Amino acid sequence: MSEATQTDLSSGVAASSSAGGAPTGKGSQFVLGRTAKYALLLFFVIIVLMPVYVLLVTSFKPPADVNPESSWGLPLRWPWESVNGGPTGFDNWITAWDALAPALGRTFLLAIPAALIAAMLGSMNGFVLSRWRFPHASLVFTLILFGMFIPYQAVLTPLVQMKTDLGLPSNISTLLIVHVIYGLPICTLIFRNYYEGIPIELMEASRMDGAGMLRSYASIVLPLSLPGFVVTIIWQFTSAWNDYLFALFLTDVQGGPVSLALNNLAQGAQLANYGAAMAGALIASFPTLLVYIILGKYFIGGLMSGSVKS
Amino acid sequence: MRKRMSILAGALAVGLALTGCSSGGSNGSDPDNPDQVEVFTWWASGSEKAGLDALVKEFNSQYPDIEFINAAVAGGAGSNAKAALASRLESDNPPDTFQAHAGAELSDYIAAEQIQDLSGLYEDLGLNEVFPADLIDRLTVDGKIYSVPSNIHRANVTWVNTEVLESAGIDPTKAPESIDAWIADLQKVKDSGVDAPLAIGTEWTQMQLLENVLIADLGADGYAGLWDGSTAWDSDGVKTAVDHYDQLMDFVNQDYAGLDWDAASQIVIDGNAAYNVMGDWAEAAFTQAGQTWGTEYTTWPTPGTDGVFDFLADSFTLPVGAPHEQAAKDWLTTISSAEGQKAFNTVKGSIPARTDADPADYGEYQQSAMESFANDTIVSSLAHGAAAPIAWSSDISSAVGKFGSDRDQDALISALVSAAESALS
Amino acid sequence: MRKGIRNWGPPVLLLAPSLVLVAIFVYGLIFANIQTSMTDRHSLASEGAFVGFQNYVALLTEGRFLHSLLNLVVFTVVFIAGTMIFGFIWAWLLDKGVNAEGVFRSVYLFPMAVSFVASGVVWRWLLNSAEGDRASGLNRMLQTFGLDFLQNSWWNEPIWGMAAIAMPAIWQLSGYIMALFLAGFRGIPDELREAARMDGASEWKLYRHVIFPQLSPIALSALIIVSHMSLKVFDLIMAVTKAIYQTEVPATYMWVALTSNDYAKASAIATVLLIIASLFIIPYLIHTMREEKRSS
């Protein structure tokens, strides 16, 4: 198996930015003018960032200033100034923070362990599946992979029932188990592809017996696995953080993650407060955005692995 | 089926071992301590929370030894709470008492034998005498009563922007006699330059408007008969109502599907529409906007429904297997008491279920509602769970939502007929 | 024998926990779900007697469910077309060599890091369907640019409203498709392009005969990924419109059924979703498995 692994692919994407300086097609009708190219790229940047602009400006408008006429405009006043003694723009952020803070804490307690545990299990599976050619190995792998593509609705009714039968609490500890389990397929996939990219000479694993295999996993493979772990953990962290489906079916606002608290802030209140809801959306997105900005290259790696094989 | 689930579930222990988490209720309720009561509500914010706080204060003064444990579940106008509750009831871990809309919404719990008959408590406390007989009828299922109402709301109220009506040359103090007269007025307002004189919101608010029209066209008895099968859903009365509803929908704001009730009320407050049909909790939206009843806005019973009180109520139950049954009964005693009802309703803005409350304690709108409640014919609200069980009202809701996009009267009627067939079978 | 355990034991030990979990929570629960879908558990009280395929027959003849399927189809088609078009254009533009490529790439990709619940907050506002004086969001912007005639009620339109719901999804996932295509462009050996040029092939022929064939496996992957995400669409609809008839898809219908304690209907809907998903996932997985066997 010599083809590039997904993680290599992603670093390929990242690395190519330096090589991208030399335009390829020359002198044909397919070559866009330089200006046209950048104009298009900038146009798309504006479109993509438009919702962010709306989130930012609205979050700093006091409720009294949120009205249709000025909905695209900048805030009419500084965020610390109030309208006739009413709430200020900052009050949106305070309201949102008060509504989300406990859930934010819980979501960290959910997403970090979910990522670590699933990554560890995925690494073990990926190693075995990439090195151990037992009968029907690829069938077993495919059966595991199937779990990543199913619509989770297909397991939710019995899952809710099971939670009820066992009397599991409607909080993040139940959710943690679920995220670890349904994260297994993709973690296994990422690691298997990653390990297949490690040169075979390095491990001589093909000729090893089981015990030797275990030893080589702990002493050679694990230390080499850091990039794989980073990709997997980021992926798992992000999907656990952003999950709403499992959270809605298995937890409640009191014990659930930030996605539920945010939806409740945006829709559950008696009188809608767009400013606070938008501030809340920014607060709830901040951790994953931070991960994306700092570790973007690895983030893409996780994304690419969703394509199984190129 | 259940057994197999449990076998499967046993294997979950593997997962549990991974995290070492503990199971069971984690809310501080201790079944061995009799001096506790765990109360499950969706009153977690705003005036509802303030009302609950006032109620708890009253409870503490009546029963100083009992610790109140708040198991409120926020969000989704109660839908989150219902899901959470269903799971607690199923796993035999009920709270001591829980909030539910009085009436048909309780039927699922009753059928599953998850809540207890409270007729005895009604006798002991003399509640049959202080609640209106009509209300007792609506609460009674096969001769038994399963819940104690804490507050009453009215769902057939039309909120009116007086200025918009006056500039269209209509007297806002007089309600139109019938739906037809109302439609004529709507046309007048539209001719005066208001594009969408009737404000409406998302699916359930459409359902509430339809319910108002059904009451107007069928009368209280005919409307009540819809829920026990004595009025046919394809009868001429329903057909008239659906036609009226269709005409009314010609006057509504086009962005309705995306608006919650408060956004729809806001359109009336801002003077961009003349009317909105909504429950009396909308009062808070108008007063918060600094408006005064009788000046900037006014209310009447929805045209054609004068003399009928379309009720919904929050109520409390006693689950089977409640860990603190006696304390739960104490809680029910407090909420049904004159003091408890006053403490809660004056803060929440609803009206008491008891007829012996002193109107002087309440605001101007509430006083008029209390008078109607005592004298009018009481019917159950569909949109708020009093008239039909959840599955039935969910079917109706989806049929009404569909009508919003296709405006096909025949399709709506046949959907209503088949919803009734599957619910009453 | 001892040798056998030494050989087999450790790897089995490493794999076993995951295999057991996947067996129970994927296959076991799918089985349990199918089982429930063949009972009459329509309420809390029901014990659930076996009724065979009755729930499926009822679903597939029910206008409401067919409407939710139609919504899903409209959503899926627009979603796929949108992400593929934007993803391809972006990758194509970036592949031509751009200064600060990393910046553009990061901007296009960042919505992927945001949850549908969070982006739903702003899209709910952008897709506000009021027009005229009360317009906000996109309709207000169209007015500002003098494009009043383009104003529309977005997801409030019957049927095509689902295309409006697809907009946030396209916004969120086009960057992902771009990344896939970009990797594909970069994976095409320069010699191939050069060779084609040496032969005097026009730029169009270069694309037609060299680049597109090289990209087609990626396009297939992208197609599968986007369509399976589309089937799962739930968060977005709940965040933008809540569960209402007009924007109902099977996933939100299932939620409504489950909250009214209709377990049988909920699981029947879920099974239909699973079957639809399997129709293209299973061939894809088998295809991938065969490819691997061939190359190893």
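Chain identifiers are assigned alphabetically (A, B, ...) following the order of the sequence lines, protein sequences preceding nucleic acid strands; residue numbering begins at 1 within each chain. Computation of the quantities below employed the complete heavy-atom set of this structure, encompassing side-chain atoms and omitting hydrogens, waters and symmetry-equivalent molecules. This one's a predicted model, so the numbers in the text were calculated from it and none came from an experiment.
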Top contributor to chain C contacts, counting heavy-atom pairs under 4.5 Å, from Ala391(B), Ala257(B), Ala196(B), Ala111(B)
Ala257(B)

Most contacts with chain C, counted as non-hydrogen pairs under 4.5 angstrom, among Gly401(B), Ser397(B), Ala399(B):
Gly401(B)

Spatial distance of atom CG (Asp406(B)) from atom CD (Gln246(C)) [nearest 0.5 Å]
9.5 Å

Using 0.5 Å steps for rounding, measure from the OG atom of Ser260(C) to the CG atom of Asp395(B).
7.5 Å

At a heavy-atom separation under 4.5 Å, does Ser418(B) approach chain C through its side chain, its backbone, both, or neither?
neither

Proximity breakdown for Glu113(B) and chain C, heavy-atom pairs closer than 4.5 Å
neither

Side chain, backbone, both or neither of Ile110(B) within contact of chain C (heavy atoms, under 4.5 Å)
neither

What's the spacing between Ile390(B) CD1 and Asp262(C) CG if we round to 0.5 Å?
11.5 Å

Out of curiosity, Ser405(B) OG to Ile244(C) CD1, how far, rounded to the nearest 0.5 Å?
9.5 Å

Under 4.5 Å from a heavy atom of chain C, the part of Leu89(B) involved
neither

Would you compute the distance between atom CG of Asp255(B) and atom CG of Leu127(C) and round it to the nearest 0.5 angstrom?
12.5 Å

Let me confirm one number: the CZ-OG distance from Phe65(C) to Ser398(B), rounded to the nearest 0.5 Å.
13.0 Å

